[in-house]
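Before any comments, here is the structure.
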Protein chains: 2
Amino acid sequence: MTETARGTSHRYGTRPTMKDVAARAGVGLKTVSRVVNGEPGVTPDTERRVQEAITALGFRRNDSARILRKGRTASIGLVLEDLADPFYGPLSRAVEEVARSHGALLINGSSAEDPAREQELVLALCARRVDGLVVIPAGDDHRYLAPEIAAGVATVFVDRPAGRIDADVVLSDNFGGAQAAVAHLIAHGHRRIGFIGDQPRIHTAKERLRGYRTAMADAGLPVADSWVSLGPTAPDRVRAAATAMLAAPEPVTALFSGNNRVTVTAVRVLRDHPRPVALVGFDDFELADLVHPAITVVAQDSAHLGRTAAGLLFRRLDGIDDPPQRLELPTRLIPRGSGEIGPPEG
Amino acid sequence: MTETARGTSHRYGTRPTMKDVAARAGVGLKTVSRVVNGEPGVTPDTERRVQEAITALGFRRNDSARILRKGRTASIGLVLEDLADPFYGPLSRAVEEVARSHGALLINGSSAEDPAREQELVLALCARRVDGLVVIPAGDDHRYLAPEIAAGVATVFVDRPAGRIDADVVLSDNFGGAQAAVAHLIAHGHRRIGFIGDQPRIHTAKERLRGYRTAMADAGLPVADSWVSLGPTAPDRVRAAATAMLAAPEPVTALFSGNNRVTVTAVRVLRDHPRPVALVGFDDFELADLVHPAITVVAQDSAHLGRTAAGLLFRRLDGIDDPPQRLELPTRLIPRGSGEIGPPEG
DNA sequence: CCGGGATTTGACAACGTTGTCTAGGGGCTA
DNA sequence: TAGCCCCTAGACAACGTTGTCAAATCCCGG
């Protein structure tokens, strides 16, 4: 470490503390603290001297120490699958806005859909003593969180419920949305409808599958095994699944895609397909109205999910202590054309 | 605070400390510290006793205290415009991945393009003593950061340069990309080309405008005042600007849109326009290949920007101390059709 | 000019951890 | 068996802040 001054009279890499400010202003440590925090009981003159010392030294309060002393970090953690996913961006932003309005910062982590990584992140955040957690779970066993919750870390799960633990959760109506989507296709005359969804261990995928099956059953329609394909949302897998369904001897005449990533790939496959095939996708996405045909979707408002979850979290932090809640937000079917295509032979 | 035990033998909201663990295990405080941190010099037998006490009490190290003691927070801050913007999601994720590979967490904040809010966020992060900062500046004066940088907060600016301060910066080749985009339109026969961009105080908007003007000048083409419109990217504003350019007595026959938000609105306007109008957009976006016509874009790799910036940041944190760098990443023109439309009369 | 209450100020401990330093015990060598 | 060294273990201070409390100072009316 060099002794060279750099802008201030302090060693590079060493920040002045309240003690330094106090010495320079010729006052006590606590007085500096009072000035910094705008506490009452300081003469205008003293305050001015302290302020001068603060600017002269470039002092900035060390919040690490403050946090240690006060026991509150004024920060919350958000663990989600992938910040780069257009579904989670708005959710994340919404959580951030709520946090901001409560004076808290947001620490963010992507689990990459890996339960081990989720746990690692969550526990790292707990070690930082975040005041609360918003978690989009990747795993399905959250018992590891029980001691943390018991110790006072408010936790709200979003988009998918917690596993093997009783906690607040905010969900979309995945079942109802899927059911509506498939009913919509059935109403337009389809009888052979394929479903391409996410990995079956993911709650939303299961619920949407259930909605699909229920809608089919309600209409008295059978579901062939080959019409359902669950797995990773990687384009290759989805493309293969869609192609297979379309090439079968009794091909599906409509597709229900289980999330935005699947939908995008499905649109690409259908564009290159000779026959028109109807499509309804779960999740809205930008430009869904501009592709041809415009894509009919079941929209869920991810920002709303985030806002609701964060709101619930801060209610908890304010000490509201009712039993864990389960909130379910409605979805909305937005007909745009791709779902209104009838089956080939009428 | 209730005295009721909840899962452990501790008061709700009070976490056990190393002292508690030490007492329970019948060892000294420092021994617990050693076990927790995997330091050598502990008998297997002692270690086992400590581990037992840790599990029994549900102890988790308090990183706030650790941070205070060690002086490093193992976290970096990222301040950007809007986490919900599809351009920043991947950037953010890339920064996070690099941080993760260095064992650091990411604290995230959206400035909403408001300089005051940017400063507020940045200084809050400095108060938390983040080890480093990645900033997508909203303002154009960052002298307020000088004391922080001098005090050792590594800082890298991304997407736009810092104002009135000498610091590392990672940019896209906005000028070159814009120039290529407009040259592409000119090569397809256009002479009256409109430019709709972001607010002129934003660096990228200025650079793209400069690229536009240069390309026009290089081709010996005049630029009418009414062909250039800079301002907020709100759909209404963009729609009005585009409509005006298309309705003028000598209407533009092609549009160059200054970023992805502008492009999306432009596509909507052009879809409803009677004559075909060419379009090239700055920034690639999902489904750009699926709308009709497919949108020709100048792509910049936002994840690459993020990765590069974070990489540079951690080089700084590792003590590399060369003078501030300015890195410029190339952009790529992706012709897809919308830019290849010729002007109406040949 | 003095008593008394209000106001300003500072000394000190505490938050929970880690770095330093020293004590004690065990094993090895001469 | 004495002497040495190494290894384990713990006492203690320190990180920079805030809460508590007591001391010092001020202002006012009598």
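Computed from a predicted structure; not experimentally measured. Lettering of chains follows the sequences in order, A, B, ..., and the numbering in each one begins at 1.
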Original post:
Taking the six-membered ring for Trp, are A:His102 and A:Phe314 parallel (under 30°), tilted (30 to 60°) or perpendicular (over 60°)?
Top reply: parallel

Original post:
Tell me: CG of A:Asn37 to C1' of D:dG19, nearest whole Å?
Top reply: 12 Å

Original post:
Given D:dG16, D:dT18, C:dT17, which nucleotide is nearest the side-chain atoms of A:Ala65?
Top reply: D:dG16

Subject >> Contact nearer the 5' end of DNA chain D, comparing A:Asn62 with B:Gly26 >> reply: B:Gly26

**OP:** Check the distance between D:dT18's P and A:Arg61's CZ and give it to me in whole angstrom.
**Re:** 6 Å

Original post:
Can you check the A:Met18 CE to D:dG19 C1' distance for me, whole Å?
Top reply: 13 Å

Original post:
Distance check: side-chain N/O of B:Arg69 vs OP1/OP2 of D:dA14, anything under 4.0 Å?
Top reply: no

Subject >> Distance, rounded to the nearest Å, where B:Leu29 contributes CG and C:dT17 contributes P >> reply: 8 Å

Could you go over nucleotides 5-9 of chain D and give all protein N or O partners under 3.5 Å, atom names and distances?
residue: D:dT8; atom: O3'; partner: B:Thr43; partner atom: OG1; Å: 2.8
residue: D:dA9; atom: OP1; partner: B:Thr43; partner atom: OG1; Å: 2.7
residue: D:dA9; atom: OP1; partner: B:Thr46; partner atom: OG1; Å: 2.3
residue: D:dA9; atom: OP2; partner: B:Thr43; partner atom: N; Å: 2.9
residue: D:dA9; atom: OP2; partner: B:Thr43; partner atom: OG1; Å: 3.3
residue: D:dA9; atom: N7; partner: B:Arg34; partner atom: NH2; Å: 3.3

Original post:
So, do B:Arg15 and B:Arg61 sit near enough that their side-chain heavy atoms are less than 4.5 Å apart?
Top reply: no

**OP:** Would you indicate, yes or no, if C:dG19 has its OP1 or OP2 atom less than 4.0 angstrom from a side-chain nitrogen or oxygen of B:Lys70?
**Re:** yes

Subject >> Atom-to-atom span, CG of B:Asp63 to C1' of C:dC15 - whole angstrom >> reply: 15 Å

Subject >> Gap between atoms CD and C1', on A:Glu39 and C:dT9 respectively (whole Å) >> reply: 13 Å

**OP:** May I have the distance from B:Asp20 (atom CG) to C:dT17 (atom P), rounded to whole angstrom?
**Re:** 9 Å

Subject >> Shortest non-hydrogen separation from A:Glu148 to A:Tyr144 and the atoms involved >> reply: CG-O, 4.3 Å

**OP:** Check if the side chain of B:Lys30 and the base of C:dG19 share a donor-acceptor pair of N or O atoms closer than 3.5 Å.
**Re:** yes

Subject >> B:Asp131 side-chain N/O to B:Thr73 backbone N/O, donor-acceptor pair under 3.5 Å >> reply: yes

**OP:** Determine whether B:Glu81 and B:Glu118 make a side-chain contact, defined as any pair of heavy atoms from C-beta on separated by less than 4.5 Å.
**Re:** no

Original post:
In a check of side chain to side chain contact (heavy atoms under 4.5 Å, CB included) between A:Val21 and each of A:Val36, A:Val35, A:Val32, which one passes?
Top reply: A:Val32

**OP:** Pick base, sugar-phosphate or nothing for A:Ile67, based on heavy-atom distances below 4.0 Å to the nucleic acid.
**Re:** nothing

**OP:** Could you check which of C:dG16, C:dT17, D:dT18 has an atom nearest any side-chain atom of A:Ser33?
**Re:** D:dT18

Original post:
Are any of the side-chain heavy atoms of A:Arg72 and A:Ile67 separated by less than 4.5 Å?
Top reply: no

Original post:
Could you give the CG-to-C1' distance, from A:Leu68 to D:dT18, as a whole number of Å?
Top reply: 10 Å

